[in-house]
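Reviewing the structure listed below.
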Amino acid sequence: MDARLEAIRDTVLARNPGEAEFHQAVTEVFESLGPVHDRHPEFLEGAVLERLCEPERQIIFRVPWTDDSGRVQINRGFRVEFNSALGPYKGGLRFHPSVYLGIVKFLGFEQIFKNALTGMPIGGGKGGSDFDPRGRSDAEVMRFCQSFMTELYRHIGEYTDVPAGDIGVGGREIGYLFGQYKRITNRYESGVLTGKGISWGGSLVRPEATGFGTVIFIEEMLKTRGSSFDGQRVVVSGSGNVATNAVAKAQALGATVVACSDSSGYIVDEAGIDVALLRQIKEVERGRLKDYSLRRSGVAYVEAGSVWDVDATVALPCATQNELDGGAAARLVRNGLLAVGEGANMPSTREAVAVFQDAGVLFAPGKAANAGGVATSALEMQQNASRDSWSFEHTEQRLTDIMVGIHDLCAQTADEYGEPGNYVLGANIGGFVKVADAMLAQGLI
Ligand code: GLU
């Protein structure tokens with residue numbers, strides 16, 4: 001890392017103790033940014049990096065609610081409003097027991113660059129709670145969401161901060177959150193949340209957008225090597241919204257997706273995953289992947305172990321942060337890997353990324369490859385602002401154009417900085433320059 005940046009990075013780490021994932025995200029971005037500061041001394045003079053690493057505002061709050069047996073439960077809520085240089089804070093809410101400030105800050109920090117890459121007018125933010133929706137009834141989830149919004153509503157708004165979903169927050173949760181926001185404010189403010197239901201202000205393609213977008217990005221990346229998804233053997237991790245839609249899109253482009261996973265194990269289906277069955281089990285029944293193997297012949301279910309033991313030419317980590325480590329990366333490379341596309345946020349450890357890059361594997365970092373979700377959220381905001389709703393085809397075309405645009409920006413930036421094919425460098429510099437320019441133009445903010 002550039003010595004000037006390393007000194008700033010060390011101060012950030014010392015100032016934010018115990019936030020390992022935030023430290024990782026900051027370090028990974030700083031490693032790319034040395035050459036930009038040679039060309040743009042004004043970024044150092046204006047202390048852009050120091051400012052960028054300090055969120056504009058951080059909100060931590062109590063979320064009290066009662067469970068179905070009448071017992072009082074207390075969770076912690078977070079919203080980190082990281083950077084509004086390019087637009088209102090934008091980013092999802094994550095409900096998962098692992099959520100603490102370090103996770104929210106790593107996600108919010110990544111979101112700044114991701115959102116900048118989309119070219120849409122959105123700043124970066126993230127939030128969530130350590131609430132675990134697993135095993136909770138609809139009524140419990142509703143009471144939790146209502147309590148969460150009873151504090152959050154005062155901090156958000158269509159021109160201020162626009163939350164959406166992430167792990168543990170889908171259409172059901174957005175519905176409860178939106179209903180409570182409307183009730184407290186007495187405003188039908190469609191643009192305050194994205195990921196809404198289609199009959200009440202949502203956008204077609206938003207549910208599919210992250211997974212679809214990841215595959216569209218990887219298709220562009222494969223083209224640079226004269227290849228495509230057609231005929232590839234793909235392994236996906238996860239089986240939630242991002243993973244399911246990545247499976248669907250990869251198979252629509254001619255790939256065979258042979259494996260996916262959940263937190264208990266993974267399935268291997270050599271015939272290619274049956275997307276309708278997967279959706280039925282995960283989305284409709286909110287069930288476990290094990291059920292998939294019980295309902296379809298020729299499927300192996302492996303409890304424990306790692307889905308990355310399955311050989312693939314394309315790997316799409318779509319589960320969660322740091323799920324793919326250096327050892328798994330080395331195994332995938334030995335087994336003939338061609339490309340990796342991160343559908344999740346920071347799923348590969350820094351060691352894994354180094355293994356892929358050293359082996360000449362095409363590697364698309366999450367802040368570029370999974371930007372289709374938030375980009376389509378920005379399209380939802382556009383439709384809300386004009387009280388319009390677009391067709392599936394039109395919206396998907398807009399998503400495709402945005403993903404191809406992000407790919408080309410990353411590839412061109414990597415070329416320009418003398419590292420062709422380095423999408424990590426391209427994404428970090430491409431996103432950073434837009435934000436840094438806007439911050440300097442807006443004065444000392
Ligand atoms: N949580 C998603 C992400 O990581 C989507 C955020 C949004 O749509 O605002 O980008």
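Every number for a ligand or one of its atoms is a count from 1 in the order of the listing. Quick note: numbers below take in every heavy atom, side chains included, and nothing from hydrogens, waters or symmetry partners. It should be emphasised that the depicted structure is a prediction, and the values quoted were computed from it without experimental measurement.
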### Task
Could you tell me whether the side chains of Arg279 and Asn245 share a donor-acceptor contact shorter than 3.5 Å?
yes
### Task
For the residue pair Arg76 and Ser129, confirm or rule out a side-chain donor-acceptor distance under 3.5 Å.
no
### Query
Pick one: which of Lys196, Arg398, Lys90, Arg206 meets salt bridge (Lys or Arg N to Asp or Glu O under 4.0 Å) with Glu380?
Lys196
### Pair Ile273-Cys260, side-chain contact (heavy atoms from CB on, under 4.5 Å): steps then yes or no
CA-CA 8 Å; Ile273 286 169; Cys260 68; 3.7 Å; yes
Pairs under 3.5 angstrom, nitrogen or oxygen on both sides, ligand 1 versus protein: list them out, please.
from	atom 1	to	atom 2	distance (Å)
ligand 1	1 (N)	Lys126	NZ	3.2
ligand 1	1 (N)	Gly165	O	2.9
ligand 1	1 (N)	Asp166	OD1	2.8
ligand 1	4 (O)	Lys114	NZ	3.0
ligand 1	4 (O)	Lys126	NZ	3.0
ligand 1	4 (O)	Asn345	ND2	3.1
ligand 1	8 (O)	Arg206	NH2	2.9
ligand 1	8 (O)	Ser377	OG	2.6
ligand 1	9 (O)	Lys90	NZ	2.7
ligand 1	10 (O)	Gln111	NE2	3.0
ligand 1	10 (O)	Lys114	NZ	2.8

### Query
Roughly how far apart are Phe363 CZ and Asn422 CG, rounded to 0.5 Å?
10.0 Å
### ring pair (Phe, Tyr, Trp, His ring centres under 6.0 Å) partners of Phe178, counting only residues at least two apart
Tyr188, Trp200
